[in-house]
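Chain A is the first sequence line, chain B the second, and so forth, proteins listed ahead of strands; every chain is numbered from 1.
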Amino acid sequence: MKFMMQSCLMVKDTVCDGGSKILEGFKSPLSATAYEKCVAAGMEFLGLVTPFEFGIDSLFCDCPDKDGTIDAILEGKCDFVLCNDVYGKMSRMAAVNGLVYLAGAYGTVSRFGIMQTVSSMDRVGVLCKKAEDGIKVLETISGKDEKDGSMLDTEKYDYSAKCDKVKAVKADEVEMKYFDLLPAVFYTLASAELCNNTNRYDGVKFGYRAPDVTDLNDLYLRSRTEGLGKDVQIASMVGCMVLAKENYEKWYFKAMQLRRMIRDYYWALLTDADVLVLDAKCDCGDKFRQLALYALAPLCGFASAAATLDGKPVELVCKPGKENIMFSMITEG
Amino acid sequence: MKEYEIVMGLEVHVELATNSKLFCSCSAKFGADANEHVCPACAGMPGMLPIANKRAVELGIAASIVTNSEITPVISFDKKNYFYPDLSCGYQITQLYAPICRNGRVEIETSKGKKDITLKQIHIEEDAGKLVHSHGVSLVDYNRCSVPLVEIVSNPDFRSAEEVLAYLEKLRALLSFAGVSDCKMQEGSMRCDVNLSVREKGTTAFGVRTEMKNMNSFSAIERAIEYEAQRHIDALETGCEELVQETRRWDDNAGKSFSMRNKENATDYRYFPDCDIMPIVVTDEWIEKVRATLPESAHDKYARMTGELSISEVDAKIITKSKRLCDIFDALMAHGLPVKDVVTWIVTELLSLDIGENKSYDDIEIDCDKLASLISMTNKKVINRTVAKKILALVYTDNVDPETYVKENNLGMVSDTGAIEAIIAQLIAENPNSVKEYKEGNAKVFTFFVGKTMKQTAGKADPTVVREILARMLDEA
Ligand SMILES: [Zn+2]
């Protein structure tokens with residue numbers, strides 16, 4: 001199989017800018033573990049595609065149905081693309097374009113070599129045409145990596161077994177508790193982590209530095225203002241706000257508590273049922289509502305799959321360990 | 001004037017004696033060329049993830065044990081955000097919510113007797129790099145970036161500079177003997193910030209507190225405390241200055257503390273949990289394993305020296321004050337030298353060496369094999385003591401090999417009694433008046449002859465032999 005990778009995943013000695021001006025010309029000193037595993041398995045790397053900055057999504061402008069990553073598959077340039085899709089953008093676009101997007105549960109695929117955005121939710125996922133291909137790739141890139149301290153202990157994953165009996169529930173069949181809170185909880189935590197993780201882009205050591213700076217403050221201010229995109233800047237400011245001493249308890253800490261409550265509720269729900277099926281509608285008028293659909297898996301450490309089911313674009317969510325069951329729903333036969 | 005009481009709390013940073021850094025495998029050793037010990041992780045590049053250094057956690061456990069602290073069963077790490085070029089990631093990984101231990105206790109002894117200093121907590125964190133300013137540009141060196149530290153935070157238990165110094169000496173001994181750190185202030189592996197306030201004696205409310213940074217030696221800490229306490233008292237007495245809670249930088253050359261820019265005082269570090277590093281469970285088994293492998297403490301060494309080795313309490317106290325001296329002691333003993341000689345050579349000879357300003361016993365770097373060979377050459381009367389002392393200084397400064405040096409410079413003891421007799425015979429012949437005075441009972445003249453004889457042999461004769469021959473020949477004269 002031939003593959004490409006979003007440039008927010010890194011390849012050694014290659015310019016990887018993650019779609020950000022702040023990393024203009026940045027030559028990576030390392031390769032992502034997921035990339036290494038694909039290459040070791042004999043898959044052919046064709047090149048990088050440029051994602052939205054660091055693979056996040058813009059919450060403040062129109063969302064297109066397509067981008068360069070989707071085109072790479074639609075135009076048949078390669079068989080799959082490795083992505084980081086914390087905000088659910090790739091999942092949504094895959095579903096509406098009749099493609100498949102698979103992401104393992106947090107801790108199953110190494111985060112080493114991803115440009116960190118939201119450390120507690122970053123997941124390498126696979127965008128492809130056929131579910132069978134995606135499953136094979138996901139098996140290849142999954143498994144413990146000493147370079148990522150937050151991984152589960154499993155060395156190898158086998159997603160090949162088919163399941164006939166699947167207990168799937170639709171969102172309108174169960175109580176979707178806390179569903180309206182998901183975007184707020186997600187955005188609070190994501191902003192805090194994104195704000196912190198992008199501190200490293202300061203114009204001092206590598207990447208873009210504003211010309212003719214007058215002093216240190218000017219260096220920081222202008223390099224980051226000119227180098228980082230609007231959405232990262234907004235997330236940075238929101239992150240600063242929710243982590244500020246006087247706000248920590250009422251914003252960040254509360255979001256952490258809610259995350260735990262949300263997780264506990266949906267873990268119980270997905271212990272009882274196997275798979276939760278969400279309608280992956282693309283309703284751009286309400287982007288935060290849209291975000292709710294895709295926040296569930298990264299917030300709770302679930303595995304997810306975006307695909308077309310019964311002719312409809314859907315987002316499927318399951319607990320780690322039940323991937324076989326979930327994948328059985330979107331494979332043919 | 002009213003009577004005032006100084007109230008102080010200390011924050012002591014100690015670099016852990018690990019081979020590698022806290023979250024990457026770069027060397028943590030001191031003294032490399034700029035940016036020699038740097039990798040993508042500690043340079044703050046994207047894509048890298050921190051992997052906690054187990055040895056650093058173990059040294060943190062060791063620090064907790066020797067300070068009688070309560071170890072936290074599950075420890076975790078947090079991120080502290082601030083922008084400065086010496087911090088490659090734009091945040092420092094530290095411990096806020098679940099530090100390695102809390103509620104410790106360190107006993108100190110001052111002229112007023114024994115006292116317990118209580119500790120609020122000890123936490124593990126990473127160091128920052130260093131900025132070098134020269135020729136109008138600022139350069140950054142990340143060698144120290146992510147080197148592991150522990151910060152030992154005391155309660156406001158100190159009432160005098162003497163107590164502060166006694167505590168720092170005690171901490172240094174506890175931590176260096178436990179192998180936690182080499183605690184060298186001039187290399188920055190031990191640093192101390194002093195929180196100080198002043199209140200009227202007998203009152204319980206705390207006064208306005210200032211934090212002082214940048215003291216690089218024990219004597220600087222003492223001066224800084226005296227200055228700052230007096231500044232507080234003057235402010236309270238005269239009202240000439242309003243005290244504000246702030247961080248101040250000590251300038252040892254000026255002998256004054258200066259307020260740091262207000263911006264630094266207003267920093268909100270926006271702490272939050274680091275989710276890249278999973279919480280670490282510190283089991284009782286692990287703690288006991290660390291405890292079992294702790295090297296002999298200063299206290300135990302003292303007991304062994306004054307007990308089975310029959311060393312005087314005075315000498316044992318001097319040697320056990322420094323981990324380095326104890327190491328030298330053990331190394332010399334391993335060469336099979338007599339205890340008495342080892343003690344004398346350390347306490348009398350080694351400690352009278354000029355080791356340089358602002359240096360402590362812990363800074364003595366000397367090749368113990370060479371020192372041992374020097375001592376045994378003296379014992380075997382290959383060289384005399386005066387020559388040995390001179391060579392000791394050379395072993396210390398230039399690392400010369402005593403045996404080679406003695407051979408090359410022909411410093412071997414003149415044991416040829418014939419040669420000594422010839423010198424003395426000549427001296428007697430040249431100084432008839434002195435011989436007469438000796439015969440009349442002037443004992444000082446004997447010393448005069450000894451000195452002359454030693455000078456003629458260029459200090460190489462054995463003084464005992466010289467005395468014997470001289471006594472005989474003067475009587476015969
Ligand atoms: Zn490193």
In sequence, state the C-alpha distance, the side-chain angles, and the governing distance for B:Gln95 and B:Ile75, and then conclude on side chain to side chain contact (heavy atoms under 4.5 Å, CB included). CA-CA 8 Å; B:Gln95 293 190 297; B:Ile75 62 166; 3.6 Å; yes
Answer yes or no: does atom NZ of A:Lys254 have more than 12 heavy-atom neighbours from other residues, nucleotides or ligands under 6.0 Å?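 Not buried by this count: 12 neighbours or fewer within 6.0 Å.
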What part of B:Tyr271 gets within 4.5 angstrom of chain A, counting heavy atoms only: side chain, backbone, both, or neither?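 For B:Tyr271, the contact with chain A is made by the backbone alone.
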Under 4.5 Å from any heavy atom of chain A - which part of B:Ile277: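 Looking at B:Ile277, nothing touches chain A.
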Does [X] reach the main-chain N or O of [Y] with its side chain, forming a donor-acceptor pair under 3.5 Å?
X        : Y        : result
A:Arg222 : A:Ala210 : no
B:Asp78  : B:Leu96  : yes
B:Thr72  : B:Pro99  : yes
A:Arg123 : A:Gly104 : yes
A:Thr108 : A:Ser142 : no

Report, in residue-number order, which members of residues 28-35 of chain A are under 4.5 Å from chain B by heavy-atom distance.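 Near chain B, by residue number: A:Pro29, A:Leu30.
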Can you tell me which portion of [X] sits under 4.5 Å from chain B's heavy atoms? Options are side chain, backbone, both or neither.
X        : result
A:Tyr252 : side chain
A:Asp202 : side chain
A:Cys240 : both
A:Phe26  : side chain
A:Phe253 : neither
A:Leu216 : side chain

Could you tell me which non-hydrogen atom of [X] sits nearest to which non-hydrogen atom of [Y], and how far apart they are?
X        : Y        : result
A:Gln233 : A:Thr225 : NE2-O, 2.9 Å
A:Phe52  : A:Asp231 : CZ-OD2, 3.6 Å
A:Pro320 : A:Gly301 : CD-O, 3.7 Å

Ring centre gap for A:Tyr208 and A:Tyr201 strictly below 6.0 Å: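 No, the ring centres sit 6.0 Å or more apart.
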In chain order, what residues pass the side chain to side chain donor-acceptor pair (under 3.5 Å) check against B:Asp274, with sequence neighbours excluded?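 Here no residue qualifies.
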Quick one: are B:Phe77 and B:Ile280 in side-chain contact, heavy atoms under 4.5 Å?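 Heavy-atom side-chain distance check passes, below 4.5 Å.
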Sidechain N-carboxylate O distance under 4.0 Å for B:Glu211, B:Lys213: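 B:Lys213 and B:Glu211: salt-bridged.
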Would A:Lys144 and A:Asp153 pass as an ion pair if we require N to O under 4.0 Å?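 A salt bridge links A:Lys144 with A:Asp153.
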Please determine, among [options], the option with the most heavy-atom pairs under 4.5 Å with chain B.
options                                : result
A:Glu246, A:Met115, A:Lys205, A:Lys245 : A:Lys205
A:Tyr220, A:Phe206, A:Phe112           : A:Tyr220
A:Lys147, A:Arg111, A:Arg200, A:Glu146 : A:Arg200

Anything in residues 126-141 of chain B with a heavy-atom distance to chain A below 4.5 Å? Please list those residues in order.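 Under the 4.5 Å heavy-atom cut-off, nothing qualifies.
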Close approach to chain A in residues 7-34 of chain B, criterion heavy atom under 4.5 Å: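 Under the 4.5 Å heavy-atom cut-off, nothing qualifies.
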Checking A:Phe3 against A:Phe45 for the ring pair (Phe, Tyr, Trp, His ring centres under 6.0 Å) test, could you report, in this order, the C-alpha distance in whole Å, the side-chain angles of both residues, the deciding distance, and whether it holds? CA-CA 5 Å; A:Phe3 74 105; A:Phe45 176 63; 5.3 Å; yes
Can A:Lys21 and A:Glu24 be said to form a salt bridge (charged side-chain N to carboxylate O under 4.0 Å, His left out), step by step? CA-CA 5 Å; A:Lys21 187 182 174 187; A:Glu24 206 175 62; 5.1 Å; no
For A:Thr214, which of A:Asn217, A:Asp218, A:Asp212 qualifies under side-chain hydrogen bond (donor to acceptor under 3.5 Å, both in side chains)?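 When A:Asn217, A:Asp218, A:Asp212 are each tested with A:Thr214, the side-chain hydrogen bond (donor to acceptor under 3.5 Å, both in side chains) holds only for A:Asp218.
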